[in-house]
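Some notes on the structure that comes next.
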4 protein chains.
Amino acid sequence: LRALEKRFVGTYCIDPRLGLSPELKDIQSVARDFALKEMYPNMQTWDEKEEMPLDCLRKAGELGFGAIYCKEDFGGTGLGRIEASVIFEALATGCTSTAAYISIHNMCAWMIDSYANEKIKARLLPKMATFETLGSYCLTEPDAGSDAANLRTTAKRVGDYYVINGSKAFISGSGNSGNYLVMVRHEGQPGAKGIFCILIEDGMDGFTLGKKEKKLGWNSHPARILNFEDCKVPVTNQIGHDNQGFSIAMAGINGGRLNVASCSLGAAQMSMDLAINHLKIRKQFGKALSEFQWNQFKLAEMAAKLHSSRLMVRDAAHHLDQNTAHKVPLCAMAKLHATDNCFEVVNQCLQFFGGYGFLKEFPLQQFLRDSRAHQIIEGTNEIMRMLVARDLLTN
Amino acid sequence: LRALEKRFVGTYCIDPRLGLSPELKDIQSVARDFALKEMYPNMQTWDEKEEMPLDCLRKAGELGFGAIYCKEDFGGTGLGRIEASVIFEALATGCTSTAAYISIHNMCAWMIDSYANEKIKARLLPKMATFETLGSYCLTEPDAGSDAANLRTTAKRVGDYYVINGSKAFISGSGNSGNYLVMVRHEGQPGAKGIFCILIEDGMDGFTLGKKEKKLGWNSHPARILNFEDCKVPVTNQIGHDNQGFSIAMAGINGGRLNVASCSLGAAQMSMDLAINHLKIRKQFGKALSEFQWNQFKLAEMAAKLHSSRLMVRDAAHHLDQNTAHKVPLCAMAKLHATDNCFEVVNQCLQFFGGYGFLKEFPLQQFLRDSRAHQIIEGTNEIMRMLVARDLLTN
Amino acid sequence: LRALEKRFVGTYCIDPRLGLSPELKDIQSVARDFALKEMYPNMQTWDEKEEMPLDCLRKAGELGFGAIYCKEDFGGTGLGRIEASVIFEALATGCTSTAAYISIHNMCAWMIDSYANEKIKARLLPKMATFETLGSYCLTEPDAGSDAANLRTTAKRVGDYYVINGSKAFISGSGNSGNYLVMVRHEGQPGAKGIFCILIEDGMDGFTLGKKEKKLGWNSHPARILNFEDCKVPVTNQIGHDNQGFSIAMAGINGGRLNVASCSLGAAQMSMDLAINHLKIRKQFGKALSEFQWNQFKLAEMAAKLHSSRLMVRDAAHHLDQNTAHKVPLCAMAKLHATDNCFEVVNQCLQFFGGYGFLKEFPLQQFLRDSRAHQIIEGTNEIMRMLVARDLLTN
Amino acid sequence: LRALEKRFVGTYCIDPRLGLSPELKDIQSVARDFALKEMYPNMQTWDEKEEMPLDCLRKAGELGFGAIYCKEDFGGTGLGRIEASVIFEALATGCTSTAAYISIHNMCAWMIDSYANEKIKARLLPKMATFETLGSYCLTEPDAGSDAANLRTTAKRVGDYYVINGSKAFISGSGNSGNYLVMVRHEGQPGAKGIFCILIEDGMDGFTLGKKEKKLGWNSHPARILNFEDCKVPVTNQIGHDNQGFSIAMAGINGGRLNVASCSLGAAQMSMDLAINHLKIRKQFGKALSEFQWNQFKLAEMAAKLHSSRLMVRDAAHHLDQNTAHKVPLCAMAKLHATDNCFEVVNQCLQFFGGYGFLKEFPLQQFLRDSRAHQIIEGTNEIMRMLVARDLLTN
Ligand SMILES: Cc1cc2nc3c(=O)[nH]c(=O)nc-3n(C[C@H](O)[C@H](O)[C@H](O)COP(=O)(O)OP(=O)(O)OC[C@H]3O[C@@H](n4cnc5c(N)ncnc54)[C@H](O)[C@@H]3O)c2cc1C
Ligand SMILES: Cc1cc2nc3c(=O)[nH]c(=O)nc-3n(C[C@H](O)[C@H](O)[C@H](O)COP(=O)(O)OP(=O)(O)OC[C@H]3O[C@@H](n4cnc5c(N)ncnc54)[C@H](O)[C@@H]3O)c2cc1C
Ligand SMILES: Cc1cc2nc3c(=O)[nH]c(=O)nc-3n(C[C@H](O)[C@H](O)[C@H](O)COP(=O)(O)OP(=O)(O)OC[C@H]3O[C@@H](n4cnc5c(N)ncnc54)[C@H](O)[C@@H]3O)c2cc1C
Ligand SMILES: Cc1cc2nc3c(=O)[nH]c(=O)nc-3n(C[C@H](O)[C@H](O)[C@H](O)COP(=O)(O)OP(=O)(O)OC[C@H]3O[C@@H](n4cnc5c(N)ncnc54)[C@H](O)[C@@H]3O)c2cc1C
């Protein structure tokens, strides 16, 4: 740990502080300190126990990490996307899985902040900002994954209620969440246009949870199937317009992509720091491993992967902040590049640790398992290729 | 399972039976059936419970898989290295981790068969052939991993005993094993030449075990640190000559490299079969995933990786059988190529499963975790590069 | 040159002789000697002058390299596909482009040997075997490349003649060839079934040649467009059945794929030998370049690429010889793997030469340019992926 | 050409204009127009003829491209490094080789601007700014390439002259240049510290040129060996201090790395535009090639490679402009990443053209040949890895 702290004082060409304004460096420093002190020492336990670190989330809330890019009116922190990226990256150095959940929670808070009516905002956002209540994003279904617009959960209006039937799969945070932002289809209205977004709350009638999934990583927060059987939800819980659900989901996930990409940056950054340290200390054949040219040159390649990933993410975040014409493909491209490249970086760091990299006592394997998720979630990296290609070919 | 069985009836260009003689196909078929019936249905449980499937090993022993390439005199099966490779590959389709341990056990049996005196052979081999007693290969130390010749465990002769002091790290099977083939150094004799091999048996005085390591994969068998504090071992337990220990270790591991490479083949083969099946069945965007050209072309690239890996392994096995001049670099090159390429194949198969690939309910993530070990053990893939380069540059 | 000759005496793990029978080694040795003495010293000139080395071809004919895998009845050498692969590989070490043309010529000879009537065979094969007459394979058209079955050159029967109209593109050897094996369509018969193969001879009425194409590589033989305007060809020049043309073309190209893949092996092998030599001799920073670990480890990776490519090619050649069920995807997979991997090997060898690799005085850049063709011709590597995927998904 | 012009009007996620200020976009637009009109139509001829397009250079001079980042005092354009990068990238879309020479010329001008005395500046810079006189950078020697500090050309002071002996290799522009910035060693002073920089002018006594090298690419400008035999150069021609030569050379090349990296960006950008266009127009199997998912997804990956390269280059240019602590490794990392990735992009674009990509009539193969140089020059990409690793490991 001391070595890690030292690293954050010294500097080198992949320093995550490079290019940031003093204010952003301060924000980063707060997040990084939090990650090193409150998260990193616990990440192994959280992974093993497969329990959500609610305490840690609440403390993160105190620092303003529960609603980072929500407006300040209802408790949001009022920052932009680059700030959010810097924070998620920093948090992920301490526990990638927990940072990833925090990022999903933030995506939900932003969706409420951007699309819900004032009443809902006033009711939910303050509690979400402090992590008193957790949020879940509910788009995927067992038969509608990559083709999410094809979802089949239906809502039928009956008086002041919607009656919801169907199920959602892989819902992060489920079981612990209070607020589920669920994309559902108006009965009989096919296609993306038939979808709207509705807030379903923990404990509502007809809403039950499947068992907690056992996963390769992302173990510090649960994923479950949600089942809705004649689940009655007040119409006032609708978020956004009648045919706006898919747009809302896509608007949210756009930022979500940068968020998980940022979590990959953090996993890679921490793995690099740990590896550099290890290579300097560990000796074989009478020399520090860092003296072997192969390891040196590999480090350089990894640095290029990490640095280019970071630049891509921050550049896309800027486009998202500015709401430019190409924000969608740029977010997709950043997610594709960063999550693929950072996975490779982490995997090579694991290799640098030799047998020790394979042990749970060392965090490399956990960074590997956690960051593997990012190539699949928020739209798989194949779907990212599709979005980028579409932009390249239609303009 | 039915789909998998069907696959083994149908055929395609990566069929592991291609190129094999009828006899070899029979052997393969026995191993594959065993893998599908006795191992595959249990691999998840073994991983979760982190317990050794001793029953399964005994049954494997009944099929002759405990001493595959030992001579038949003391219970060995008397087969060659290609046969062994075919068997390990087939077993690994059912549980890669268990197959890998079986392969280590076989390496130990072979070392005894090749270098021990008749007495030891008669005492140990029959029990090893049946898996009544398990074997462990003990070379690595906390400070001597890649540079194994630099090991520091010492043996001092006192009368009819050696007094052993030091420790070994990452020893597979330890805790369950009866026979530990330990490389130790004659006190005061530095370098590879000072090393000899000695059989240390479970329960000997001064021999204690560290805690079971928690690992990313390879969970169906334990790894532990071994500690020797004034451990007394009869001199008759010595295997091979006084300065032959390192050669014995290297001779054993040469085959060991092909064995774990074969286990990677099995992991990749099974992952391919599962993935092809999944791609055909799973629909998104109104089409089977197998209809998307990206997936098709990726499959083709993966087929090339798998098939080339298999050819490399079998080619090297042939050289090992024939004891040719380049067997060492060829085994190293096969291990490098196969374990790297098969890891990539498995990882891409996981991706084909989308979110399901990330769940423990599906075996992909386990094949990934298990086959990740193979890039590190039996000499890391960096050490493999070293061995190949040496051959290229000195001849 | 002396260093290269020495290399062929010494041995290492990527020795192309490994695994060959004494007879095959003899054949290889003849081809390799020829390549080193008759081709290698001239390859730069042939490239620069862009002229066909007809003398060299004739001499190759004397060694039996004009009709390697044709039956001996009409002058063929009567060897199999592995022999052919070994020969093309060896020739390509001397001049990859020339070897590639020799391989196309052989493909044509084989098509005649296998499908033509005795009269044509008797007339053409003896001269082709000696390279007195050259052959060209004419499938591609300006608008029908990858989708060759969609070709539009038509033949209309008028009495004892076919009247041919249309054009062919990229025809290797054209201008120097005497015999053009042209795939044409029976007027009004769409699809692959409408195609037949006809021999069009140099000088026939209505047959004209476009200008010689300027190319990145493959400069020791010409490529041109062929134009047929009411070109009258005797019906007796038809080869094979009326609807067999596409099958013949595909049967020929199957072997053709292994042939160019073998040429890639030769380019990579020679580049490796030159590079190893250079790395040992060239000093920077006070050390031979071969002492730098990065270079060593890269060499090891390149060795694995080359050796796996060779095994794939020879394995597929065996399947082709044995006419097994999976010969088509196995040839495709070998071509994909070998031409992609060998290109990377050659490219890295060029890098090892630093600035010298960029100079025409050194052969690396020529091996690069020549072997680049192989990823495109005989069906692009994308088409190879298609063929492999089809086999994986339909069986 | 019209399609290319259209592209520069439309927009997509890899638009080189993204992220630029209006002023920078104007500069870029001038450079791009010049490239499209004055260079692109001639690039094939320049390559074929292997002649320097002096006219074109002079016209480029009129636009201020002869001394882009020199101060305005003596005719420099007074722009920064990001501007320079944007210009070189734009020029390289028209002819990568010519743009690369322009970049070397600019590096020389900058070295004079930064280190020469006022007299030399006044004499040379105005003519260099207009390309009336060309500059050459002369560091490499036959035996000192990557290890340039080990150069052996010596200077002995005799009165008001230095007497220079030795030779330089691979000197771009030589034969056409008027000003050669030559790094030489004070006789008897070993190491980097013994080196100083001296201006040697065309026609000076004892200064002769070797033959023009034949090269894989970069054919629109010559490279030659320079020979100095008792070449007398006035001491007033010295540039910078006595022991500053190596620093000057390294300071210059730092920017030089970004410059050639920018040229790789241009090559990749133009190749992408050409490829996208071709994929949309060319039909096979009844569909536009752009409709095949493999091609689409590949395009997306290539976009990520190109965009990340551009961000790396511009980010490093910013650091160079700001003279930050990590400018050296950041320039090295940008050069490594951009030249490697853009080469891959160009190579894949060539593949998209099928057989046409292999023809000299189409520019893809020329972009490939030209950009291949960039992985070797201005310090090979291995040396770049060394510089990055050093920074990672020592801070
Ligand atoms: C740990 C975890 C947490 C998650 N959390 C959430 C959450 O909180 N909320 C939520 O809504 N969802 C969540 N998801 C679901 C996730 O978004 C989906 O898993 C993902 O979108 C992929 O869908 P799928 O699993 O159904 O895979 P599929 O869509 O079945 O895809 C399988 C494979 O096919 C590929 N593929 C699909 N379509 C094409 C095509 N047209 N062309 C080529 N290839 C294609 C995919 O890329 C993938 O490789 C989570 C998933 C995981 C693993
Ligand atoms: C699950 C598991 C089971 C195992 N089972 C056994 C067993 O049963 N018996 C046994 O004896 N051992 C066993 N091992 C130990 C294994 O063989 C070692 O982990 C391996 O040899 C690497 O040694 P190390 O862990 O000390 O890594 P190190 O040697 O410290 O290597 C660390 C990193 O540095 C690299 N490196 C080392 N030297 C160089 C160099 N000169 N140049 C460039 N890079 C270099 C390595 O490749 C690696 O990437 C097992 C290990 C694992 C993980
Ligand atoms: C030097 C040289 C020599 C040659 N010699 C001969 C010869 O002697 N005889 C002869 O008949 N031909 C010859 N050819 C032609 C060669 O076989 C064709 O160039 C090749 O088959 C590709 O066809 P094309 O050039 O029309 O490319 P296209 O078919 O237009 O292909 C362009 C690109 O699209 C890709 N593509 C095509 N279809 C698909 C798809 N469905 N999905 C995804 N990607 C796709 C291709 O892989 C390629 O990357 C030669 C070519 C060259 C360059
Ligand atoms: C077209 C062209 C134009 C050029 N123009 C100029 C010019 O205008 N002015 C000028 O001064 N120079 C010029 N150069 C020279 C260029 O800078 C050198 O070629 C380059 O620096 C490499 O030096 P080298 O060719 O001697 O290769 P070497 O230094 O011999 O390197 C050979 C190989 O060994 C590798 N290598 C070297 N050292 C190590 C190490 N320690 N560890 C691992 N690998 C290592 C290199 O990366 C390379 O792959 C030009 C070169 C070319 C090709």
Side-chain angles (χ1 to χ4, degrees), chain B residues 7 10-15 18-19 272 276 279-280 288 290-291 293 295-305 307-312 314-316 318-319 324-338 340-341 381-382 384-395, chain C residues 7 10-15 18-19 272 275-276 279-280 288 290-291 293 295-305 307-312 314-316 318-319 324-334 336-338 340-341 381-382 384-395:
Chain B
R7 166 55 85 196
T11 176
Y12 52 2
C13 61
I14 52 165
D15 193 316
L18 291 186
M272 282 290 277
I276 289 174
L279 291 174
K280 283 177 171 174
S290 61
E291 292 179 56
Q293 196 187 45
N295 296 339
Q296 293 171 356
F297 281 26
K298 277 277 155 187
L299 274 183
E301 293 182 349
M302 293 151 80
K305 287 179 184 183
H307 190 59
S308 65
S309 295
R310 186 177 285 132
L311 293 177
M312 295 272 277
R314 291 186 184 169
D315 175 67
H318 177 76
H319 281 271
T324 69
H326 300 291
K327 62 178 188 294
V328 172
L330 285 167
C331 287
M333 188 155 58
K335 196 253 181 187
L336 169 65
H337 184 85
D340 277 359
N341 279 281
N381 282 4
E382 287 72 37
M384 298 306 105
R385 286 176 177 90
M386 200 179 282
L387 294 171
V388 175
R390 194 172 294 160
D391 182 71
L392 292 171
L393 287 166
T394 56
N395 291 298
Chain C
R7 165 58 83 197
T11 176
Y12 53 2
C13 61
I14 53 166
D15 193 316
L18 292 187
M272 282 290 278
I276 289 173
L279 291 175
K280 282 177 171 175
S290 61
E291 292 179 56
Q293 196 186 45
N295 296 339
Q296 294 171 355
F297 282 26
K298 277 278 155 185
L299 274 183
E301 293 182 348
M302 295 151 78
K305 286 179 184 180
H307 189 60
S308 65
S309 296
R310 186 176 284 131
L311 293 177
M312 295 272 278
R314 292 186 184 169
D315 174 68
H318 176 76
H319 281 270
T324 69
H326 301 291
K327 62 178 187 293
V328 172
L330 285 167
C331 288
M333 188 155 58
L336 169 65
H337 184 85
D340 277 359
N341 279 280
N381 282 4
E382 287 72 37
M384 297 306 104
R385 286 177 177 89
M386 200 178 281
L387 294 171
V388 175
R390 194 172 294 160
D391 181 71
L392 291 172
L393 286 165
T394 56
N395 293 298

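Order of the sequence lines fixes the chain letters, A, B, ..., with proteins taken first and strands second; residue numbering starts at 1 for each chain. Small disclaimer: the values here were computed from a predicted structure and weren't measured.
Judged by distance alone, the side chain of Lys280(B) and the main-chain N or O of Leu393(C) form a donor-acceptor pair under 3.5 Å.
Contacts with chain B were tallied for Lys327(C), Arg314(C), Gln296(C), Met312(C); Met312(C) has the most, counting heavy-atom pairs under 4.5 Å. Comparing Leu387(B), Leu330(B), Thr394(B), Asn381(B) by heavy-atom pairs within less than 4.5 Å of chain C, the highest count is held by Leu330(B). Listed options Ser308(C), Cys13(C), Ala389(C) were ranked by heavy-atom pairs under 4.5 angstrom with chain B; first place goes to Cys13(C).
Contact of Glu382(C) with chain B is made through backbone and side chain together, with heavy-atom distances under 4.5 Å. Proximity to chain C (any heavy atom under 4.5 Å) is shown, for His318(B), by neither the backbone nor the side chain. Looking at Leu18(B), the atoms closer than 4.5 Å to chain C (heavy atoms on both sides) all sit in the side chain, from C-beta outward.
Between Asp340(B) and Arg385(B) there is a salt bridge, since a side-chain N of the basic residue sits under 4.0 Å from a carboxylate O of the acidic one.
Shown here are the side-chain hydrogen bond (donor to acceptor under 3.5 Å, both in side chains) partners of Lys298(B), two or more places apart in sequence or in another chain: there are none. In this structure Ala303(B) satisfies the side-chain contact (heavy atoms from CB on, under 4.5 Å) test together with Ile14(B), Met272(B), Met333(C), Val388(C), Leu392(C), sequence neighbours excluded.
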Verdict with supporting geometry, Asp315(C) and His307(B), side-chain hydrogen bond (donor to acceptor under 3.5 Å, both in side chains): CA-CA 10 Å; Asp315(C) 174 68; His307(B) 190 59; 2.9 Å; yes
